[in-house]
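To find a chain, count down the sequence lines: A is the first, B the second, and so on, and within it residues start at 1.
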Amino acid sequence: MKRSSDDRSFRIGTGAFAALVLLIVLGIAFELTRQSALSIAKFGLKFWTTSTWDPVSGDFGALPFIWGTLYSSILALLLATPIALGIAIFISELSPRVLRQPLAYLTELLAAIPSIVYGLWGVFVLVPIVRKLELATPAALKKIPLFNGPPLGVGMLAAALILAVMVIPFTSSVAREILKNVPSTQREAAYALGATRWEAIKVAIGFGKSGIIGAVMLGFGRALGETMAVTMVIGNSPQVSASLFKPQYTMAAVIANEFTEAADELYLHALIEIGLLLFIITVGVNLLSRMLIWSTKRRAVAPTIVTPIVAEEVAA
Amino acid sequence: MMTIEMRRRDAAEPAGEDASVPPRAGRASFRAERDALPRTGVDVPFPDAVRRERDDAEWNAAVPAAGPAASSPPQNTNHAQLLTRTQPSAQEGPMSQEAKISVSNFDFYYGTAKVLHGINLDIPDRKVTALIGPSGCGKSTFIRSINRMNDIIPDARASGSITIDGQDVYGGDADVVELRRRVGMVFQKSNPFPKSIYDNVAYGLRIGGMRNKRQLDEIIERSLTRAALWHEVKDRLHASALALSGGQQQRLCIARALAVDPEIVLMDEPASALDPIATSKIEELIYELKDNYTIVIVTHNMQQAARVSDRTAFFMLGRLIEYAETNEIFMNPKEKMTEDYVTGRFG
């Protein structure tokens, strides 16, 4: 009796903690909605699609911030993914065994550096380099919208670069773990058919595909929410532009910068609504990646009707 | 050491002096002994029935035909006389054939641990050669040495030589990718890729550079047919291979290995994870494949070795203890250790 009641209380206790997680998520969503009620009521869906951000006249639209967040994150993803996967592949498949542990440790160390430190490094090292790069851009290239803009150093390119550096350790650690867990029988199967090392690695990547997509998405989620370092290098100017050189703004950065200055109620509510949007987008990206992983997994193991085969085998 | 001893014994037999061609004595009682072999309790329709039929055929044809191995003419003459059957036949007696794989003084190390000690044996072409022995005796290491699968393992090292058709597998100019295309392998646990059935079989062809759809289709059908899987999967070639049953997956892996048209197929306990029905299918398959392929199979199941193989090598503690005709090993082993093992006294 005594022991089975222990079991039950254990289950109730851990269950309560699990419920707490759900409660916190719902609580955040609820609070964000409640505290941005004024802005939601006044702007409605227009808040997503307009670009004015004018605290003085009380006119708010979040499009430049949504744009800045998504653009910088996607750029960072494009830059970081090949490098992160390269690191993961090198560490798990190619590196000499003595280097394996130290390299894995160093990449994980990168993830542990506080983002304010990345920001400082960005301001003092990365931004001057980017500025030189921008100054060296030939005039002909500058006509393309992508490279159009003043050579300030701060701007979208600097933000994307620093985000990429910050995302790499996350993506590569998870991808490395996934490659490590690919059964060696898969690689052996490839080798036994005359695969080269690279072909065998491709087999391993194919096997871990869904997990690797998850790793990339994890990096994306991290880039979306990253605040401090980006705020310090992106230039903080709300505009929707495809230019890599122009200063822009992100959702997290605007909240961090303007929250303390938000004097009137509507301004505050508009900022909190940006928080709500960020929350929704992050959840959305996560759901999307889950679905992606789920669909590739399902495709891989799709069980067709098994019974007739078994019957056939027995009959044969 | 042991192998050398064994060879000396062989040399003393009437069979001949060439140690690389093991003798074939005592064939007269072959049938009786074969029938007396221990059978599994499971009623497996194929091996027994077909085996007997085949045995008869083999008996009638087993006489070494013209063109005995150049190295051992006296032996063949001897055998012909021993058998007192002289029907001419295109089919060569098993022992008069050239060795497909020739292993001499082969040692293998994992780091500093020596796991194979001076292995010497010749594996005949288009026969099934079984490797038996207790766990950890080195038979898996040995079979994986033939296609250099051990290369993947860090700190693994080989010395001595393994030659296939006279070409040194471990020679400086040996191309390991090419080698593995010539020497297919089937593993203990079926390991299909998480792709469609079609793509699994096509894998080896595609990495070999084949892109022609019609050619691929053709070879895939042929390979699946040879692996006795075609009829079960022909309507769903593009379904996931992981949806197949364990036995089907293993046959798919065999088809995948056959698709690249190897000369030799190595099987490392191919049926150990399968139920008796699936096992019998694999055995049946092995039996059919040996017309076209040289097969080396590692097995823990001694009945299986007895059923499917022509020759058996008994390994123990990294040494080749005895290597002879399968019925010799099981009925008339020369080594005490072999006898103890095959009669189940240990292992």
Side-chain angles (χ1 to χ4, degrees), chain A residues 91-101 178-179 181-213 293-316, chain B residues 45 144 147-149 151-155 175-196 199-201 203-208 228 231-233 235-236 239-245 247-248 253 256-257 259-260 262 266 268 275 277-278 280-281 284:
Chain A
I91 294 177
S92 70
E93 310 273 335
L94 298 169
S95 109
R97 264 196 303 176
V98 280
L99 278 180
R100 206 161 280 187
Q101 232 17 64
I178 281 154
L179 286 176
N181 288 328
V182 172
S184 60
T185 55
Q186 287 284 315
R187 291 186 190 86
E188 284 181 348
Y191 279 127
L193 290 163
T196 60
R197 195 148 189 189
W198 167 234
E199 283 158 350
I201 289 171
K202 278 204 287 194
V203 164
I205 294 171
F207 190 89
K209 195 166 50 188
S210 62
I212 288 170
I213 293 171
I293 292 169
W294 180 72
S295 76
T296 55
K297 258 198 190 139
R298 208 178 49 131
R299 213 175 321 133
V301 292
T304 46
I305 310 138
V306 182
T307 25
I309 309 150
V310 174
E312 222 178 292
E313 233 183 16
V314 174
Chain B
R144 292 165 60 96
N147 65 344
R148 291 182 58 177
M149 282 304 282
D151 284 20
I152 318 171
I153 298 163
D155 298 333
D175 178 355
V176 67
V177 166
E178 191 48 43
L179 167 73
R180 292 187 188 135
R181 294 182 78 80
R182 286 178 67 193
V183 186
M185 187 158 201
V186 177
F187 298 86
Q188 179 171 6
K189 220 171 143 269
S190 61
N191 52 359
F193 302 126
K195 302 176 176 193
S196 70
D199 288 342
N200 261 281
V201 186
Y203 180 82
L205 300 167
R206 285 187 175 139
I207 61 171
H231 291 291
E232 290 160 55
V233 301
D235 298 323
R236 50 189 187 121
S240 171
L242 302 182
L244 298 173
S245 72
Q248 288 173 323
C253 291
R256 184 174 64 181
V260 294
L266 309 175
D268 192 354
D275 63 51
I277 293 166
S280 79
K281 284 207 154 199
E284 181 177 342

**Q** Quick check on Pro262(B) against chain A: is it the side chain, the backbone, both or neither that has a heavy atom closer than 4.5 Å?
**A** neither
**Q** Does any non-hydrogen side-chain atom of Trp198(A) lie less than 4.5 Å from one of Glu93(A)?
**A** no
**Q** Find the one option among Pro183(A), Ser184(A), Pro96(A), Ala190(A) whose heavy-atom pairs under 4.5 Å with chain B are most numerous.
**A** Ala190(A)
**Q** Quick check: closest heavy atoms across Leu242(B) and Phe193(B), and the distance to 0.1 Å?
**A** CD2-O, 4.4 Å
**Q** Output the option from Met185(B), Arg256(B), Lys189(B), Glu178(B) having the highest count of non-hydrogen pairs under 4.5 Å with chain A.
**A**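 Of Met185(B), Arg256(B), Lys189(B), Glu178(B), Arg256(B) has the most heavy-atom pairs under 4.5 Å with chain A.
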**Q** Please state whether the side chain, the backbone, both or neither of Arg97(A) comes within less than 4.5 Å of a heavy atom of chain B.
**A** side chain
**Q** Considering only heavy atoms from C-beta outward, does the side chain of Tyr191(A) approach that of Glu199(A) to under 4.5 Å?
**A**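 No - every pair of side-chain heavy atoms lies 4.5 Å or more apart.
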**Q** Heavy-atom pairs under 4.5 Å with chain A are the metric here; pick the option from Arg148(B), Arg181(B), Met149(B) that has the most.
**A** Met149(B)
**Q** Could you tell me if the side chain of Ile153(B) sits less than 4.5 Å from the side chain of Arg144(B), heavy atoms only?
**A**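 Side-chain contact under 4.5 Å: yes.
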**Q** Using a 4.5 angstrom heavy-atom cutoff, name the option from Asp151(B), Val186(B), Val177(B) with the most pairs to chain A.
**A** Val177(B)
**Q** If I measure from the heavy atoms of chain A, does Asp155(B) come under 4.5 Å with its side chain, its backbone, both, or neither?
**A** side chain
**Q** Before giving the answer on side-chain contact (heavy atoms from CB on, under 4.5 Å), spell out for Asp199(B) and Arg206(B) the whole-Å C-alpha distance, their side-chain angles and the decisive distance to 0.1 Å.
**A** CA-CA 9 Å; Asp199(B) 288 342; Arg206(B) 285 187 175 139; 2.9 Å; yes
**Q** Quick check on Ile152(B) against chain A: is it the side chain, the backbone, both or neither that has a heavy atom closer than 4.5 Å?
**A**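 Just the side chain, heavy atoms under 4.5 Å.
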**Q** Determine whether a donor-acceptor pair (N or O, by modelled atom type, separation under 3.5 Å) exists between the side chain of Gln248(B) and the backbone of Ser245(B).
**A** yes
